[in-house]
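Presented below is the structure to which this report refers.
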Amino acid sequence: MKRFNIFLTAALLIGVLAGCGASGEKESKEITLGATVPYSDMLEKGVKPYLEKKGYSVEVKEFNDYVQPNISLKSGSLDANLFQHKVYMDAFSEENDMKLASVVTVPTAPIGIYSKKFKSIDEIKPGSTVSLANDPTNLARGLTVLRDNGLIEIDSSANPLRVSEKDVTKNPKNLKFQPVEAAQTPRTLDSVDLAAVNGNFAISSGLDLKDALVKDKLPEEIINRIVVLEKDKNSQLAKDLKDAVESDSFKKVIQSDFEEFHKPDWMNK
């Protein structure tokens with residue numbers, strides 16, 4: 001009888017441990033993804049449904065800055081995020097002693113030149129004021145848009161990802177540059193003639209990407225991407241996130257809701 005009780009106890013213990021293992025596995029399927037607008041919508045519509053079909057329970061958390069999504073990744077409150085390009089990711093990793101890894105690139109909202117005074121680049125008058133983001137990467141992008149549309153010339157030896165007002169060699173219309181925080185550029189449209197606005201801030205402030213006088217052409221290192229901690233870059237979640245973004249259902253969401261976004265090279269093949 002004692003032997004039977006020992007076997008019964010052992011069997012129950014194995015069952016409990018097995019149950020804990022199953023529960024643990026289920027908990028590992030509960031994930032939180034972080035993003036800024038409009039990439040939070042991209043995750044909700046294009047990634048979350050795909051992952052849920054694979055058994056994940058997905059929460060999408062929205063952020064309104066470019067720092068907390070990575071801090072939250074480091075703390076473990078996020079499993080992955082979507083808001084940054086490679087240049088920013090590498091710089092943030094170095095400055096904050098983090099090891100981040102890219103999973104897959106996604107369609108990215110371009111920087112556009114917006115105006116409430118002019119309807120085309122040709123209408124821009126001499127001495128016009130232009131607000132630009134004051135962080136190095138987006139300042140360079142804003143100035144590059146102006147250069148690509150013939151409004152200024154930039155020193156050819158300047159680092160294209162770190163161009164500043166000091167690198168402007170010709171400014172025939174004598175444009176007046178007013179750097180401000182990137183998130184504030186849409187609000188400056190009432191006080192300046194032109195504003196170079198990041199796509200995500202344009203959308204969150206109610207601007208239509210189609211209304212931009214011109215938009216920038218994004219190099220691959222400026223395309224936004226889903227990011228995880230480097231230790232998780234080969235995880236099953238990372239693989240499933242990549243599969244989600246490369247799926248036909250994701251592409252349909254992009255065609256429907258993010259048509260004006262710049263697509264990464266792999267989507268155009």
Side-chain angles (χ1 to χ4, degrees), residues 35-40 62-71 83-85 87-89 91-92 95-96 108-121 123-155 158-219 222 224 260-262:
T36 55
V37 175
Y39 302 99
S40 51
E62 191 172 291
F63 291 83
N64 57 13
D65 73 284
Y66 290 162
V67 175
Q68 290 306 312
N70 279 340
I71 299 299
F83 76 97
Q84 63 195 315
H85 47 64
V87 174
Y88 183 88
M89 181 187 78
F92 193 96
E95 293 171 6
N96 295 274
T108 302
I111 279 184
I113 303 296
Y114 296 85
S115 176
K116 290 186 176 182
K117 299 182 179 180
F118 307 125
K119 294 182 178 180
S120 74
I121 289 293
E123 293 181 7
I124 297 174
K125 297 178 180 179
S128 293
T129 52
V130 186
S131 64
L132 302 145
N134 60 9
D135 62 284
T137 302
N138 289 315
L139 174 59
R141 287 176 62 190
L143 290 170
T144 299
V145 179
L146 298 176
R147 180 201 64 188
D148 291 346
N149 288 276
L151 292 170
I152 61 173
E153 290 186 19
I154 294 173
D155 187 344
N159 182 338
L161 301 177
R162 289 290 185 270
V163 169
S164 72
E165 307 100 302
K166 297 178 181 178
D167 298 308
V168 175
T169 55
K170 290 186 179 180
N171 184 3
K173 286 188 178 291
N174 194 29
L175 300 178
K176 308 298 183 183
F177 304 121
Q178 296 184 8
V180 298
E181 290 185 10
Q184 301 302 318
T185 51
R187 299 180 184 178
T188 65
L189 280 169
D190 289 327
S191 59
V192 299
D193 300 303
L194 303 157
V197 184
N198 287 63
N200 59 315
F201 292 129
I203 291 170
S204 63
S205 67
L207 293 173
D208 191 328
L209 296 183
K210 294 180 180 179
D211 292 336
L213 304 185
V214 289
K215 306 183 188 75
D216 67 342
K217 300 174 183 178
L218 302 179
I222 303 295
N224 283 354
E260 295 295 316
F261 283 40
H262 180 90

Does anything in residues 195-206 form a salt bridge (charged side-chain N to carboxylate O under 4.0 Å, His left out)? List the pairs, not counting sequence neighbours. none
Does anything in residues 127-144 form a salt bridge (charged side-chain N to carboxylate O under 4.0 Å, His left out)? List the pairs, not counting sequence neighbours. R141-D216
Does any donor atom in the side chain of D211 or Y114 lie under 3.5 Å from an acceptor atom in the other side chain? no
Do N70 and Q84 meet the criterion of a side-chain donor-acceptor pair at a distance under 3.5 Å? yes
What are the two closest heavy atoms between [X] and [Y], and how far apart are they?
X	Y	answer
F177	L146	CE2-CD1, 3.8 Å
A196	G142	CB-CA, 4.1 Å
A182	P186	O-CD, 4.0 Å
L143	I154	O-CD1, 3.9 Å

Option passing side chain to side chain contact (heavy atoms under 4.5 Å, CB included) with I113 (candidates V214, L132, V197): V214
Under the side chain to side chain donor-acceptor pair (under 3.5 Å) test, residues paired with [X] that sit two or more places apart:
X	value
S40	E62
K116	D190
S164	none
D208	none

Within a strict 4.5 Å, meaning less than it, do heavy atoms of the [X] and [Y] side chains meet?
X	Y	value
N134	L139	no
T137	R162	yes
N224	Y39	yes
K215	H262	no
P126	N174	no
E153	V168	no
K176	V130	no

I152 side, atom CD1; T169 side, atom OG1 - distance, nearest 0.5 Å: 8.5 Å
Mind checking what makes side chain to side chain contact (heavy atoms under 4.5 Å, CB included) contact with [X], not counting sequence neighbours?
X	answer
S128	F118, I124, K125, L175, D193
V180	Q184, T185, T188
P38	N200, I203, F258, F261
D148	T144

Run the numbers on V192 and Q178 for side chain to side chain contact (heavy atoms under 4.5 Å, CB included), then give the verdict. CA-CA 9 Å; V192 299; Q178 296 184 8; 3.5 Å; yes
Exam field: side chain N149 to backbone L151, donor-acceptor pair closer than 3.5 Å: no
Give the intermediate values and the outcome of side chain to side chain contact (heavy atoms under 4.5 Å, CB included) for residues V87 and I222. CA-CA 7 Å; V87 174; I222 303 295; 3.8 Å; yes
Quick note, ring pair (Phe, Tyr, Trp, His ring centres under 6.0 Å) partners involving residues 186-208, not counting sequence neighbours, are Y66-F201
For F63, what residues pass the ring pair (Phe, Tyr, Trp, His ring centres under 6.0 Å) criterion, not counting sequence neighbours? none
More than 12 heavy atoms of other groups within 6.0 Å of E123 CD: yes
Kindly determine whether T129 and L194 satisfy side chain to side chain contact (heavy atoms under 4.5 Å, CB included), including the steps that lead there. CA-CA 6 Å; T129 52; L194 303 157; over 6 Å; no
Assess whether side chain to side chain contact (heavy atoms under 4.5 Å, CB included) is satisfied between L207 and L189, documenting all intermediate values. CA-CA 11 Å; L207 293 173; L189 280 169; 4.0 Å; yes
